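A quick write-up on the structure given underneath.
Counting from 1, the numbers follow the sequence of the chain as shown. Because the structure is a prediction, the values reported are computed rather than measured. Just so you know, ligand 1 is whichever comes first in the structure, and atom 1 is the first atom listed for that ligand.
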Amino acid sequence: MENKKELRNWLDAFKLSHPLVIAGPCSAETEAQVLRIAHELKETDTTVLRAGIWKPRTRPGNFEGVGALGLKWLQRAKDETGLLTTTEVANANHVDLALAHDIDILWVGARTTVSPFMVQEIADALRGTDKTVLIKNPVNPDLPLWLGAVERFYEAGVKNLGVIHRGFSTYEKTRYRNNPEWQIPIDLQNRFPDLPLILDPSHIAGRRDIIFDLCQTALDLNYDGLMIETHYDPDNAWSDAKQQITPATLDQMTVDLRIRKTEDDAVEFNNQLNTLRTQIDVIDNKLVEMLGKRMKIADSIGLLKKKNNVAILQVKRWNEVLGRMILEGEENQLSEEFILRIYKAIHQESINHQKKVINE
Ligand code: PEP
Ligand code: MN
């Protein structure tokens with residue numbers, strides 16, 4: 001897939017003065033719930049109503065969605081409010097049912113994007129339609145897999161495409177439900193600047209309190225839209241209760257968020273500068289996080305040395321590390337002098353950590 005302007009057409013056709021807002025419950029629960037949320041969202045910047053009908057739950061035994069019945073509720077919500085509708089499809093049968101109920105936008109879930117078989121089946125079912133399809137990142141941090149899914153749709157003639165960044169699973173516990181790994185969508189955006197990029201902060205966060213900050217980072221990185229799980233009674237939602245926000249909170253959020261897209265050249269310069277700076281901030285955060293992890297390992301080494309009565313400083317090992325990093329630096333266009341300075345500082349911090357552990 002080359003970088004084609006036509007990818008943006010569906011989004012530009014909305015002529016929105018703000019990023020695209022897709023909002024609605026994680027799951028359609030009852031007709032009354034879908035309609036009430038739709039009416040509340042109609043009073044906000046929301047353009048598209050989302051609701052999961054078929055829910056891919058990680059473990060069995062949870063609410064797995066109301067099924068095709070919910071499509072009628074979405075249709076009614078659209079008739080009553082004029083909002084466009086979107087739901088997740090995971091196979092050809094879902095696609096046929098969604099098309100039959102005039103769902104405007106289909107999204108492919110993170111657990112589906114990982115499977116080229118399933119993606120191909122959905123793409124084939126959409127061949128010859130002009131549906132808009134939004135492809136969530138795969139659960140694992142794999143950019144080619146994500147792009148591969150986009151290409152399968154593109155090659156099936158589905159040209160109204162966009163991607164949704166919903167974060168990536170990690171085995172270790174972090175403050176996120178799914179790690180954002182901002183570098184992956186940034187790389188994608190650099191390669192395909194015309195592919196609309198939407199943030200799903202709800203599934204990244206897994207909790208309400210950091211949704212705003214995630215949205216602001218995305219807007220600073222020039223994302224085109226937000227997909228936010230919204231419910232009038234989040235705590236009692238049948239799925240993903242902790243991460244949903246109310247339509248009123250969403251409304252306030254869209255007022256408070258700084259939006260940077262503009263036609264003005266001088267402002268555009270500042271926006272571009274800000275986007276690049278946000279990219280640097282993302283990397284800086286990662287650098288410090290990695291350094292923290294490195295020091296924790298140094299602590300464990302300190303403990304081990306203490307138990308075995310071994311000296312902290314081991315010159316041979318240290319020279320090996322330095323030599324390797326100088327070569328690695330060369331490959332990344334970093335001068336030897338720079339690597340030496342940085343590693344001297346890292347090494348010193350590491351020794352301090354080990355000393356602390358040994359003296360405890
Ligand atoms: C969802 O949007 O409700 C959903 C199940 O998302 P994901 O595929 O990102 O887990
Ligand atoms: Mn959800």
Side-chain angles (χ1 to χ4, degrees), residues 20-29 33-34 37 41 46 48-60 62-67 70-71 73-74 84-91 94-95 98 103-115 118-119 122 132-142 145-146 149-150 153 162-170 176-181 184-185 188 197-208 210-211 214-215 218 223 225-246 250:
L20 177 71
V21 179
I22 303 173
C26 175
S27 304
E29 299 165 2
Q33 173 244 17
V34 171
I37 294 175
L41 288 173
T46 304
V48 186
L49 173 70
R50 64 149 282 155
I53 303 292
W54 300 285
K55 298 304 299 176
R57 307 312 297 273
T58 302
R59 314 248 335 248
N62 295 312
F63 173 60
E64 302 219 312
V66 293
L71 294 169
W73 307 342
L74 279 173
L84 300 180
T85 52
T86 184
T87 198
E88 173 173 351
V89 290
N91 59 41
H94 293 169
V95 170
I103 300 293
D104 299 286
I105 297 176
L106 308 180
W107 91 73
V108 175
R111 293 166 192 78
T112 305
T113 309
V114 289
S115 164
M118 289 161 80
V119 170
I122 299 169
T132 299
V133 178
L134 303 178
I135 302 157
K136 288 204 173 193
N137 65 255
V139 281
N140 52 325
D142 185 336
L145 193 56
W146 198 2
V150 176
F153 283 98
V163 287
I164 302 177
H165 170 213
R166 54 77 81 193
F168 303 87
S169 314
T170 49
Y176 304 103
R177 175 176 174 194
N178 291 292
N179 234 2
E181 305 287 2
I184 295 176
L188 181 142
L197 172 58
I198 293 166
L199 180 80
D200 168 348
S202 312
H203 291 89
I204 292 179
R207 51 190 242 220
R208 284 186 261 288
I210 53 176
I211 286 181
L214 287 164
C215 291
Y223 278 42
L226 305 167
M227 182 198 249
I228 303 181
E229 287 191 338
T230 316
H231 196 294
Y232 52 79
D233 185 8
D235 284 336
N236 290 306
W238 296 4
S239 57
D240 288 351
K242 286 204 190 88
Q243 69 196 32
Q244 306 209 49
I245 60 173
T246 62
L250 174 75

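- Partners of Ser239 under the side-chain hydrogen bond (donor to acceptor under 3.5 Å, both in side chains) rule, at least two apart in sequence or in another chain, are Ser27.
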One line per pair, note the atom names and distance for all nitrogen or oxygen contacts under 3.5 Å between ligand 1 and the protein.
residue: ligand 1; atom: 2 (O); partner: Arg50; partner atom: NH1; Å: 2.8
residue: ligand 1; atom: 2 (O); partner: Arg50; partner atom: NH2; Å: 3.4
residue: ligand 1; atom: 2 (O); partner: Lys136; partner atom: NZ; Å: 2.8
residue: ligand 1; atom: 3 (O); partner: Arg50; partner atom: NH2; Å: 2.9
residue: ligand 1; atom: 3 (O); partner: Lys55; partner atom: NZ; Å: 2.8
residue: ligand 1; atom: 3 (O); partner: His203; partner atom: NE2; Å: 3.3
residue: ligand 1; atom: 3 (O); partner: Glu229; partner atom: OE2; Å: 3.3
residue: ligand 1; atom: 6 (O); partner: Lys136; partner atom: NZ; Å: 2.9
residue: ligand 1; atom: 8 (O); partner: Ala110; partner atom: N; Å: 2.8
residue: ligand 1; atom: 9 (O); partner: Lys136; partner atom: NZ; Å: 2.8
residue: ligand 1; atom: 9 (O); partner: Arg166; partner atom: NE; Å: 2.6
residue: ligand 1; atom: 10 (O); partner: Arg111; partner atom: NH1; Å: 2.9
residue: ligand 1; atom: 10 (O); partner: Arg166; partner atom: NH2; Å: 2.8

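- Under the 4.5 Å side-chain criterion, counting only non-hydrogen atoms from C-beta, Val114 is in contact with Leu145.
- Residues passing the side-chain hydrogen bond (donor to acceptor under 3.5 Å, both in side chains) test with Thr246 are Thr249, sequence neighbours excluded.
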Working note: Lys55 + Asp240, criterion salt bridge (charged side-chain N to carboxylate O under 4.0 Å, His left out); need CA distance, chi angles, decisive distance, verdict.
CA-CA 11 Å; Lys55 298 304 299 176; Asp240 288 351; 5.7 Å; no
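- A donor-acceptor distance shorter than 3.5 angstrom exists from the side chain of Thr87 to the backbone of Ala51, with no hydrogens or angles considered.
- In this structure a side-chain-to-backbone donor-acceptor pair under 3.5 Å is missing from Arg166 to Ile204.
- Remark: the backbone N or O of Ala205 is not paired with any side-chain donor or acceptor of Gln243 at under 3.5 angstrom.
- Side-chain contact check for Lys136 versus Glu88: every heavy-atom pair is 4.5 Å or farther apart.
- Counting only protein atoms, the N, O or S atoms lying less than 2.8 Å from the Mn ion (ligand 2) are Cys26 SG, His203 NE2, Glu229 OE2, Asp240 OD2, ordered by chain and residue number.
- A salt bridge links Arg50 with Glu229: at least one charged nitrogen is closer than 4.0 Å to a carboxylate oxygen.
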